[in-house]
Structure formats: C-alpha cells, structure tokens
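Working notes, beginning with the structure itself.
Residue numbers start from 1 in every chain, and the chains themselves are labelled A, B, ... in the order their sequence lines are given, proteins ahead of strands. Computed over heavy atoms, backbone and side chain alike; hydrogens, waters and symmetry mates excluded.
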There are 2 protein chains.
Amino acid sequence: MPAAPGNALSTGRGRRPVRPSGDDRELAILATAERLLAERPLSAISVDDLARGAGISRPTFYFYFSSKDAVLLTLLDRVVAEADTAMAQVFGAPAATAREGWERAIAAYYETFRAHRALTVAWAEARSSNAEVRALWSSVFERWVQQCADAIEAERARGAAPPGLPARDLAIALTSMNERVIYATFTGDGPSLAESDVVRVLLGVWLSSVYGAVEGG
Amino acid sequence: MPAAPGNALSTGRGRRPVRPSGDDRELAILATAERLLAERPLSAISVDDLARGAGISRPTFYFYFSSKDAVLLTLLDRVVAEADTAMAQVFGAPAATAREGWERAIAAYYETFRAHRALTVAWAEARSSNAEVRALWSSVFERWVQQCADAIEAERARGAAPPGLPARDLAIALTSMNERVIYATFTGDGPSLAESDVVRVLLGVWLSSVYGAVEGG
DNA sequence: GAACGAGTCAACACCGTGTCGAGTTACGCG
DNA sequence: CGCGTAACTCGACACGGTGTTGACTCGTTC
C-alpha cells in the first residue's frame, strides 16, 4: 500500500500535503474537472472521466484526491480566495457616493462569480449533497452578510439611511436575493434576468431597502 | 411482461393512468416517501427503502412508479395545487391596505411551503438533477412572478407606487429572494433568518422596493 | 375452463464508487 | 554498485445502487 496522502491524512479534505513532483497529474485533474464542468454538471462527470481526462487510471486518481468532491473543493478554494480579495478591495476603499459604493459591491460580487460561472453552478449543485461544500458556501456568505450589515449600520449612524429592519436581517435577505438571482441568470432556467440587467436590478432593490423608510420595521 | 403503465406510457411522468385497485400500494409508496423525506434527503433514500417501506419488492415498485423522482413529482403535484389555490385566494380578494395585501401574499407563500417543509427541501435538492422537477418549479415561480408583476403595475397605475425598475424584473428579484430566504430558513445552514422573522423581513424589503422611489431605475 | 390482464418477485445486467495489493520507477545513500 | 525506500501506478475486486426480464399467481370474465 503506497502512502496515499489524500486518504490517509484526515486534515484538509484530501489534498496532497507533502512533496510535489507528481504535481502535473494533480493539475491535469483540476484542469480536466474545470473543462468538463463547462459542459455538464458534476453529477454527470464520473471519477473515471476525470482520470481519463488527466491520462491516468481511476485508482491513480484516488492517489491525488479522495473523491470527486475533493476536486471541486480545491477548485472552489481558488474562487473563494478571489472573492475575498474582491470584497476586501470594495469595502476597503469607500466610494464618492453611497450609490456608487453599493453598485461597486454588487458588481464585484457578480463579476467574481461570472468569471467562474461553471464552477459557481457546480458549487450550488454540490451544496445540497456535500456538507463541506455547504460549509464553504456558508463561510463566504457569512462574510458578505457581515460586511454589508456593517455598511448599513454605518450609513444609519451617519444619518444617511433611516432605521428599519435589523441590519443583519436586511443583509441576509438582500444577499440571498443576489445569490439566487445570479445563479438563476447563469443557469437560465425559469424566469430570470438578462445578464446585462442583473446589477442594475439588484442595485435598485438594495438602494430602496437600505435608504427607503419602512413603516413599522 | 405485465402492462406497466409507468414505464410503457410516456405521458405524465410514470403515474398510473388507468384502473385503480392496487391503489393502496401506490399510496403506501407515497406515504413512505413523505415519511422518509422528513428524516433524510432524497439522495439518501433508495428505491429499495421506498419499496420495503410500502411492503413490496423493488421490482414491484417499478410497476407503480418509473423512478424515485416520479414519486417526488407526484408528491409535488399536490403541493403545487395547494400553492395555486392559496395564490388564487390571496390575489383574488384585495385587502384593505396595500401593506396588508402584500403581507398576506408573502405569508401565504411562506405558509404553503412551511406546511410541507420536507418536500420543499427535497424539491430544491432535486431541482439540480432532474429537468422535470426544474420545470415544475419554474412554472410555479413564473405564476408568482406574473401575479406580483401585475400587482406592482396596478399599484403604479393607481398612483400608489412610483415608477422604477420594470415590474417584471422587480418581481423576479423579490420572488427569488423569498425563495432563497425561505429555503435557507428551513435547512438552517449558513446565515439564515429566524422562522418568526421571515415574513416581517421579506415584507419590509418588498414594501420599500415597490413603494420607495429609486433614482435612475 | 380458457383466456386475459393486474400484480408480484428472483435473478440478472449494468454502472459508479472506493479499496487492496502487487507491481514499477527513480533516487539517495552506504 | 546495489539496495532500500518512497512515490507512483493500475488490474482486479467488493459493494451498493438502478432498472429490466421473464416466469409465476391470482381474480375476473365470457
């Protein structure tokens, strides 16, 4: 039995912890996964597809990743890093007008996922079947909600926005809207917005919810 | 080979079209599905579980339904019928105040799905893997969007709401928010609202988006 | 009492996952 | 040089799920 880091070590969901050198294989698997995800959902991609695509056999695949989902998770780690960077930039440098600030935030959110739409769709798909994927999503979502809630509080504190719903509740509802609308736009099933309208429409709802007074919030 | 209506007839996704009498079996399967869905996701329920739960063998299951998904679809048909009835009532009898009208609509939407939360969660889960489930969801969603868009237009026509985003786009975004927020509340993973707050928070966003003016919508 | 159709299931074919164990190769070290 | 060891590879297997086949049992109907 060879040392199979992905299976043996329980830390870090099966990625290879030590010694590179078979790195090309690992990258080939990741590249294959990304390529195939652009054509069909993860559920329609078998481990064998990934292995063959990377020029190895199925058992060899398991030397590099502990499962199909582990590949997805590795791919998602990159996207999460990008999303966090984008978020830090947007919330780091405040904008001229409040409207512009919110627009930049929403546009950045949208752009990050649009740049990896196949992965985003796979992410949402895998969420229902894999607890780790779910947790990863939750953590990204939570950070967004927190940042937005803080921004709403700040606007209220400086008198630019009226009091109303608890900032966190509002942030949860609006961020949920963003997520669902963007996902529906990508998959295109059911009533969905045109890609060119997404940011404008979402922004409209955000602005009126944050700055419009609601009786009896 | 017996006449297996679910498999032989391509109409109507495998439900039994003719002659009752083995009806108890069919109902037993449906009841078992509903019971098991309350404990675990559809993906963790096998055809064998459903068959055993109904006191029959696996091949016999296929006499009644063409697949696991067909069972879910049959169950969902009921919920859809309920949802449509609720929607007709809400949009049929206009309320005293506009606020009350929207609140009733959102509460009805929420209540319909809350009454079948296990099924609702399974519905969302199966959406990503089954085209028919997806289509069923889309049709329900489309009807809601249409009704809401019409109601928004009506409010604007009578001067109660200012012009702004296209009514349909607004309705899509807000209905998407409802859907996602309600689902997250049911599953409870990630940041989500308390059950008791859902309707109030959603209503707040709806009211400010429909009645609050947005510059440059 | 034969014919028929509804209902039933053991046995099978198939596919996807994950594991085991026996290799092969490459490289450092005595 | 030759030997050990760790990286790496894969054929063959065990398992569990799906969906189908074909033979069987009934009850009804003429």
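- Sorted by first and then second residue, the salt bridge (Lys or Arg N to Asp or Glu O under 4.0 Å) pairs involving residues 51-76 of chain A (not counting sequence neighbours) are Asp48(A)-Arg52(A).
- Asp23(A) places its CG atom 13 Å from the C1' atom of dA7(D), with the value rounded to the nearest Å.
- One interatomic measurement links the two molecules: CZ of Arg40(B) to P of dG17(D), which rounds to 10 Å at whole-angstrom precision.
- Using a 4.0 Å cut-off between charged side-chain N and carboxylate O, Arg104(B) and Glu100(B) make a salt bridge.
- Rounded to whole angstrom, the span from the CG atom of Asp69(A) across to the P atom of dG16(C) amounts to 16 Å.
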Inset, instruction - Could you go through the side-chain contact (heavy atoms from CB on, under 4.5 Å) check for Val47(A) and Tyr62(A) one step at a time? - result: CA-CA 9 Å; Val47(A) 170; Tyr62(A) 286 101; 3.6 Å; yes

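- For Arg127(B) and Glu179(B), the salt-bridge test passes: some basic side-chain N is under 4.0 Å from an acidic carboxylate O.
- The separation between Asp24(B) atom CG and dA6(C) atom P is 16 Å, rounded to whole Å.
- In this structure, CG of Leu42(A) is placed 14 Å from P of dG16(C), rounded to the nearest angstrom.
- The stretch residues 43-57 of chain B touches DNA chain D through Ser46(B), Val47(B), each having a heavy atom under 4.0 angstrom from the strand.
- When distances are taken from the side chain of Tyr64(A) to each of dC8(D), dA11(C), dC10(D), the shortest belongs to dC8(D).
- Here dC8(D) presents its P atom at 13 Å from CG of Leu27(A), a figure rounded to the nearest Å.
- Between the two ends of the helix from dG1(C)-dC30(D) to dG30(C)-dC1(D), each summarised by a five-pair axis, the helix axis turns through 30° (rounded to 10 degrees).
- Side-chain proximity of Pro59(A) to the nucleotides dT17(C), dG19(D), dA12(D) is greatest for dA12(D).
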Inset, instruction - Would you check, one step at a time, whether the test side-chain hydrogen bond (donor to acceptor under 3.5 Å, both in side chains) holds for Tyr183(A) with Glu125(A)? - result: CA-CA 10 Å; Tyr183(A) 175 79; Glu125(A) 184 197 341; over 6 Å; no

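- The side chain to side chain contact (heavy atoms under 4.5 Å, CB included) check on Ala31(B) picks up nothing, with sequence neighbours excluded.
- Residues Thr74(B) and Ile29(B) have side chains not in contact (no heavy-atom distance under 4.5 Å, counting atoms from C-beta outward).
- For the ring-ring contact (aromatic ring centres under 6.0 Å, His included) test, residues two or more places apart in sequence or in another chain that qualify with Tyr109(B) are Phe113(B), Trp144(B).
- Under the side-chain hydrogen bond (donor to acceptor under 3.5 Å, both in side chains) criterion, the residue pairs touching residues 165-178 of chain B are Glu142(B)-Arg168(B), Asn178(B)-Trp206(B), with sequence neighbours excluded.
- Between Phe61(B) atom CZ and dG7(C) atom C1' the separation is 16 Å, expressed in whole Å.
- Rounded to a whole Å, the CZ atom of Arg58(B) is 14 Å from the P atom of dT21(D).
- Comparing dC20(C), dT17(C), dT20(D) by their nearest atom to the side chain of Tyr62(B) picks out dT20(D).
- The side chain of Arg25(A) contributes an N or O atom lying less than 4.0 Å from OP1 or OP2 of dT9(D).
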